[in-house]
Trainee: 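Before I ask anything, here is the structure I am working with.
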Protein chains: 2
Amino acid sequence: MARPKEFDVEQALASAMNVFWSNGYKATSLGDLTGAMGISKSSMYETFGSKHDLFLSTIEHYIRTVTTQISGAAHIDAPAVKVIRALFHRAVQRMAEPNSRRGCYLNNCAVEVSVRDSEAGQRVEKGLDMMEEAFFSLVQRGQREGDISTRHDPRSMARFLVSSLNGILVMGKAHASTDKLNDVVDITVNALA
Amino acid sequence: MARPKEFDVEQALASAMNVFWSNGYKATSLGDLTGAMGISKSSMYETFGSKHDLFLSTIEHYIRTVTTQISGAAHIDAPAVKVIRALFHRAVQRMAEPNSRRGCYLNNCAVEVSVRDSEAGQRVEKGLDMMEEAFFSLVQRGQREGDISTRHDPRSMARFLVSSLNGILVMGKAHASTDKLNDVVDITVNALA
DNA sequence: TATATTCTGGACGGAACGGTTCGGAATATC
DNA sequence: GATATTCCGAACCGTTCCGTCCAGAATATA
């Protein structure tokens, strides 16, 4: 009957996200998007609706991929503090790679648009909540197993970790030195003990 | 001889900064700027050069004002930890005010443009360095007076504080709850002891 | 082969944008 | 009053932007 879809929607979404991630929402043009996605403007509008709809979809796509990624790391059979330190170090390391110095997508979206764009803001908040949840279960386990102090409740500590990670990534956008960022990671992780 | 300037350059700069601060660079049009500054487009170009030049000038203006502000707080005759806690709490409190939920200007600039705009990036980095310097002298004093632990060197701790403050402000852009942010402040400040 | 669907490229409209220029009004000093 | 400077409004240019639309090529099934 009909000609089938030729491009992978999920992959096109990932490509669009990468462009938004690197350039921000406003600074990204339709040409940038369709070029990276490898499809025509017409197909983009047919499939995703509009630039703004596409943008919202990329945030949801990011949440989908990152959630599985973090909660995967959470189930690693190692002390919770070690897992957390590894997650932070990996984030710092990624900031040092040549074309990856773009921080956390949710972070960027929160700063650039979340105040004026409530639809995006809602999704960003949900994404940060899910990050918090991932850290929360890690902290709980660490407190159970004894390598994380119980002087603060795990919910606050999870929020502390999300906040700290975001702060480190922002610093990484301005400074370049990996060593300086790792110093901050050390102090942050030590604050858990 | 000549007609004198009718508008205050420094004040116009402050108004422009406020617009950039709320909307970001790309999302701010010349009309937004001249409207807020209360001058015509011609005067703007005569005085500041271009939109981009004006933007760079606002970053420098921000550094000028904030530097004096923080180093003023640094000389308050109170335990360093108390001063730091007060600075953080004030930042959180400002995020809760209706039209002030826009974080730190340097933070916003770092996220939105510093990677692609090296001229802006340089200024942002310099501004963050000066914030670090202000915290550095505070930490040094705290370590001398005994209310801040000496297990970490003061330079790293200063960086930790700048990073944490930025992280908290990013969280504040997504979430709204002051209580949650203050929880994070508590853990952060406790990490100093 | 006929049919249905997908995809492309380009054309188009309408709007907003950054930036430049200029005439003339306003305001100071001499 | 003559002069010099500032300021404004408006016009203007070329570009970019988002979004819509369509003709036609491509590709599947029946």
Side-chain angles (χ1 to χ4, degrees), chain A residues 1-59 108-109 112-113 116-120, chain B residues 1-59 61 108-109 112-114 116-121 123:
Chain A
M1 295 217 305
R3 179 179 177 180
K5 255 196 169 17
E6 279 185 356
F7 66 91
D8 182 330
V9 173
E10 206 67 15
Q11 185 152 350
L13 216 44
S15 301
M17 179 189 73
N18 281 328
V19 182
F20 281 133
W21 199 342
S22 298
N23 297 346
Y25 177 71
K26 265 281 181 184
T28 298
S29 73
L30 283 180
D32 297 334
L33 290 168
T34 55
M37 299 165 85
I39 64 176
S40 71
K41 193 152 51 157
S42 331
S43 298
M44 195 284 272
Y45 271 91
E46 239 171 35
T47 309
F48 298 102
S50 71
K51 182 191 177 185
H52 188 248
D53 289 338
L54 174 62
F55 177 58
L56 298 180
S57 297
T58 62
I59 301 181
N108 296 9
C109 293
E112 189 192 346
V113 301
R116 279 162 306 139
D117 182 342
S118 64
E119 292 181 297
Chain B
M1 297 218 304
R3 180 180 176 182
K5 255 195 169 16
E6 279 185 356
F7 66 92
D8 182 330
V9 173
E10 206 68 13
Q11 185 151 351
L13 216 45
S15 301
M17 179 188 73
N18 280 328
V19 183
F20 281 133
W21 198 343
S22 298
N23 297 345
Y25 177 72
K26 264 280 181 182
T28 298
S29 73
L30 283 179
D32 297 334
L33 290 168
T34 55
M37 298 165 86
I39 64 176
S40 72
K41 197 152 49 157
S42 334
S43 298
M44 195 284 272
Y45 271 90
E46 242 172 33
T47 310
F48 299 102
S50 71
K51 183 192 176 186
H52 189 249
D53 289 338
L54 173 62
F55 177 57
L56 298 180
S57 297
T58 63
I59 301 181
H61 172 80
N108 296 9
C109 293
E112 190 192 348
V113 302
S114 86
R116 279 162 305 138
D117 182 342
S118 64
E119 292 181 299
R123 285 161 177 81

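In what follows, chains are A, B, ... by sequence order, proteins preceding strands, each numbered from 1. Because the structure is predicted, anything quoted here is derived from the model rather than measured.
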Trainee: Would you indicate which nucleotide in D:dC18, C:dG18, D:dC8 comes nearest to any side-chain atom of B:Ile39?
Mentor: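 Looking only at side-chain atoms, B:Ile39 lies closest to D:dC8.
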
Trainee: Could you state the CE-C1' distance from A:Met37 to C:dC7, rounded to the nearest angstrom?
Mentor: 14 Å

Trainee: The side chain of B:Ser40 lies closest to which of these nucleotides: D:dA11, D:dC8, D:dG19?
Mentor: D:dC8

Trainee: Go through C:dC7, C:dG19, C:dC17 for me and flag the one nearest to the B:Ser29 side chain.
Mentor: C:dC17

Trainee: Rounded off to whole Å, could you give me the CG-to-C1' distance for the B:Leu33 and C:dA16 pair?
Mentor: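 Distance, rounded to whole Å: 15 Å.
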
Trainee: Which atom pair, heavy atoms only, marks the closest approach of A:Val19 to A:Ala36?
Mentor: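 Looking at all heavy atoms of both residues, the shortest contact is CG2-CB, 3.4 Å.
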
Trainee: If you pin A:Ser42 and A:Ala27 to their nearest nucleotides in DNA chain D, which one's is more 5'?
Mentor: A:Ala27

Trainee: Ignoring hydrogens and angles, does a donor from either the side chain of A:Ser50 or the base of D:dG19 sit under 3.5 Å from an acceptor on the other?
Mentor: no

Trainee: Could you tell me which non-hydrogen atom of A:Met44 sits nearest to which non-hydrogen atom of A:Lys51, and how far apart they are?
Mentor: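 Shortest heavy-atom separation between A:Met44 and A:Lys51 comes out as CE-N, 4.3 Å.
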
Trainee: What are the two closest heavy atoms between A:Val113 and A:Ala120, and how far apart are they?
Mentor: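 Smallest heavy-atom distance, with atoms named: CG2-CB, 4.0 Å.
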
Trainee: Tell me whether the side-chain N or O atoms of A:Lys41 pair up with the base of C:dG9 as donor and acceptor below 3.5 Å, since no angle test is needed here.
Mentor: no

Trainee: I need the CD-P distance between A:Glu46 and C:dT8, as an integer number of Å.
Mentor: 10 Å

Trainee: Please report, rounded to the nearest Å, how far the P atom of C:dT8 is from the CE atom of A:Met44.
Mentor: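 Taking CE of A:Met44 and P of C:dT8, I get 12 Å after rounding.
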
Trainee: Taking the side chain of B:Ser43 as heavy atoms from C-beta outward, which of C:dG19, C:dG9, D:dC7 is closest to it?
Mentor: D:dC7

Trainee: For B:Tyr45 and D:dC13, give me the distance from atom OH to atom P, rounded to whole Å.
Mentor: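 So the two atoms are 17 Å apart, to the nearest Å.
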
Trainee: Are the side chains of A:Tyr25 and A:Asn108 in touch, meaning some heavy atoms are under 4.5 Å apart?
Mentor: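 The answer is no; the side chains never approach within 4.5 Å.
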
Trainee: Which part of the nucleic acid does A:Thr34 contact within heavy-atom distance under 4.0 Å: base, sugar-phosphate only, or nothing?
Mentor: nothing

Trainee: Base, sugar-phosphate, or nothing: which does A:Gly49 touch, judged by heavy atoms less than 4.0 Å apart?
Mentor: nothing

Trainee: When you compare the side chains of B:Asn18 and B:Ser15, does any donor N or O come within less than 3.5 Å of an acceptor on the partner?
Mentor: no

Trainee: Using only modelled atom types and a 3.5 angstrom limit, is any donor from either the side chain of A:Lys51 or the base of D:dG19 paired with an acceptor on the other?
Mentor: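 There is none.
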
Trainee: Between B:Lys26 (NZ) and C:dC17 (P), how many Å, whole number?
Mentor: 12 Å

Trainee: Rounded to whole angstroms, how far apart are CG on B:Asp53 and P on C:dG19?
Mentor: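 From B:Asp53 CG to C:dG19 P: 9 Å.
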
Trainee: Which of the following nucleotides, D:dG19, C:dG18, D:dA10, is nearest to the side chain of B:Leu30?
Mentor: C:dG18

Trainee: In whole Å, I'd like the distance from the OH atom of A:Tyr25 to the P atom of D:dC17.
Mentor: 13 Å

